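None of these values were measured; they are calculated from a predicted model. FYI, side chains are in, hydrogens and waters are out, and symmetry mates aren't considered; it's all heavy atoms of this structure.
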Amino acid sequence: MQILANILIDGISYGMVLFIISVGLSITLGLMRFINLAHGAFAMTGGYLAAWLVRTQSWGYAAGVAAAVLLTAALGALLEAVVLRRLYRRSELDQVLFTIGLAFVFVAATNLAFGPQVQLIPLPPWLAGSVDLGMRTLPMQRMLVIAMGAAVALLCGLVVARSRFGVWLRAAVDNKDAAAALGINIRLVSGLTFAAGCGLAALGGVLGAELMPLEPYYALKYLVLVLVVVAVGGMGSIAGTLAAALLLGVIETASKYLASEYGSLFFFVAMILVLSARPQGLLRRAA
């Protein structure tokens, strides 16, 4: 019973980290129809910025994290406006080649600026403690991860499904010319959506630094995990991405507890089984 509780709690917190990082890519792929393989680089950038601000510049934790997320979102908006929007009408191969090359640029720049060592984000006293749940003690940092994951899922769902911006985004995806004729600023919608995805990736990179250590090859090392979550959840499906992240997070955690010698084998076996049964994703209907 104790080990089951540990697997569920640790698996959910790991799954929430995967969700926060992946949901922005899911929206970019599913709603914007843009393949961004540099998405992990923005998660890494957010984590590195937070570590630099909090540890080196002596910023408070909350202020450092907020600044890292906003700066990463601004960087994403700048890259989208200057470079990436030129790729929207190009082939998928062009998008893949350019964004994976961009990821390598981030890796090289990070290694040059900060060196190869793992970056740590100091936690404030209120996050360094733990809470006794009876069956085990849970670090406050992991409780924050779970709470933030739930908040991100709720906020993204409301924005896409209920807000005017969500209507603009879905209209732009369905028919850009008609949406533009109705007065929707397509460039602004695309830029804000991409920036929001980068900001969410940065938040996941910060919150998940304990489970997914920050080092220069972070952008490539965890890219496959993020892509698997998006594929299993279904591109553009926020609820599907959340379900996939939690399912795969629990499976990956269980394999580490019970069969660590197999590495991530069960994570990828689960991906194969789910996609064989539901190639469109967990919660998406077949076309």
Side-chain angles (χ1 to χ4, degrees), residues 14-47 69 72-73 75-77 79-80 83-85 87-88 92-104 106-107 148-149 152-153 155-157 159-160 166 169-170 172-173 189-208 211-212 218-249 252 267 271 274-275 280-284:
Y14 180 50
M16 283 302 192
V17 170
L18 290 176
F19 168 71
I20 296 172
I21 296 176
S22 302
V23 67
L25 181 60
S26 179
I27 292 172
T28 303
L29 280 170
L31 298 182
M32 295 180 63
R33 306 289 193 267
F34 178 66
I35 303 173
N36 177 25
L37 296 188
H39 188 75
F42 293 103
M44 178 181 71
T45 299
V69 171
T72 305
L75 175 62
L79 286 173
E80 192 277 339
V83 180
L84 298 180
R85 70 175 44 168
L87 299 172
Y88 288 164
E92 288 83 355
L93 180 59
D94 289 341
Q95 295 175 5
V96 167
L97 291 176
F98 185 89
T99 55
I100 197 67
L102 184 61
F104 277 103
F106 272 84
V107 168
M148 290 298 296
V152 167
L155 181 61
C156 288
V159 168
V160 172
L169 174 60
R170 285 180 278 119
V173 169
V189 170
S190 298
L192 290 177
T193 303
F194 190 84
C198 294
L200 288 173
L203 178 62
V206 174
L207 296 178
L211 300 171
M212 299 164 67
Y218 181 106
L220 303 174
K221 183 177 180 180
Y222 299 112
L223 174 62
V224 173
L225 299 182
V226 174
L227 290 173
V228 168
V229 170
V230 172
V232 171
M235 293 185 296
S237 172
I238 295 170
T241 303
L242 176 60
L246 292 175
L247 173 65
L248 294 171
E252 175 80 346
F267 182 94
M271 174 199 72
V274 172
L275 291 179
Q280 73 279 4
L282 277 175
L283 301 182
R284 291 185 68 91

From [X] [atom1] over to [Y] [atom2], what is the distance, rounded to the nearest 0.5 angstrom?
| X | Y | atom1 | atom2 | answer |
| --- | --- | --- | --- | --- |
| T72 | F42 | OG1 | CZ | 8.5 Å |
| L200 | H39 | CG | NE2 | 7.5 Å |
| T241 | L25 | OG1 | CG | 9.0 Å |
| I27 | N36 | CD1 | CG | 13.0 Å |
| I35 | F98 | CD1 | CZ | 14.5 Å |
| F267 | L225 | CZ | CG | 5.0 Å |

Check [X] against [Y] and note the closest heavy-atom contact, atom names and distance.
| X | Y | value |
| --- | --- | --- |
| V232 | A244 | CG1-CB, 3.7 Å |
| C198 | A73 | CB-CA, 4.4 Å |
| G240 | L282 | O-CD1, 4.5 Å |
| C156 | V23 | SG-CG2, 4.4 Å |
| Y88 | S190 | CE1-CB, 4.0 Å |
| F19 | G149 | CE2-O, 3.6 Å |

Practice task
Carefully, step by step, assess V274 and L248 under the rule side-chain contact (heavy atoms from CB on, under 4.5 Å).
Solution key: CA-CA 10 Å; V274 172; L248 294 171; over 6 Å; no
Problem - Check: L37 and L227 side chains under 4.5 Å, non-hydrogen atoms - result: yes
Check whether any side-chain N or O of [X] sits under 3.5 Å from a backbone N or O of [Y] as a donor-acceptor pair, and report yes or no.
| X | Y | value |
| --- | --- | --- |
| S26 | G236 | yes |
| S22 | L18 | yes |
| Q95 | L87 | yes |

Exercise for the section: May I ask you to check whether over 12 heavy atoms, not counting those of F104, lie within 6.0 Å of atom CZ? Expected result: no
Exercise for the section: Dump the intermediate steps for side-chain contact (heavy atoms from CB on, under 4.5 Å) on L220 and I100, then the final yes or no. Expected result: CA-CA 9 Å; L220 303 174; I100 197 67; 4.1 Å; yes
Practice task
Could you point out which residue of V17, V206, L207 forms a side-chain contact (heavy atoms from CB on, under 4.5 Å) with M148?
Solution key: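 Output: one option passes, namely L207.
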Handout entry: Full working for side-chain contact (heavy atoms from CB on, under 4.5 Å) between V83 and L102
Key = CA-CA 11 Å; V83 180; L102 184 61; over 6 Å; no
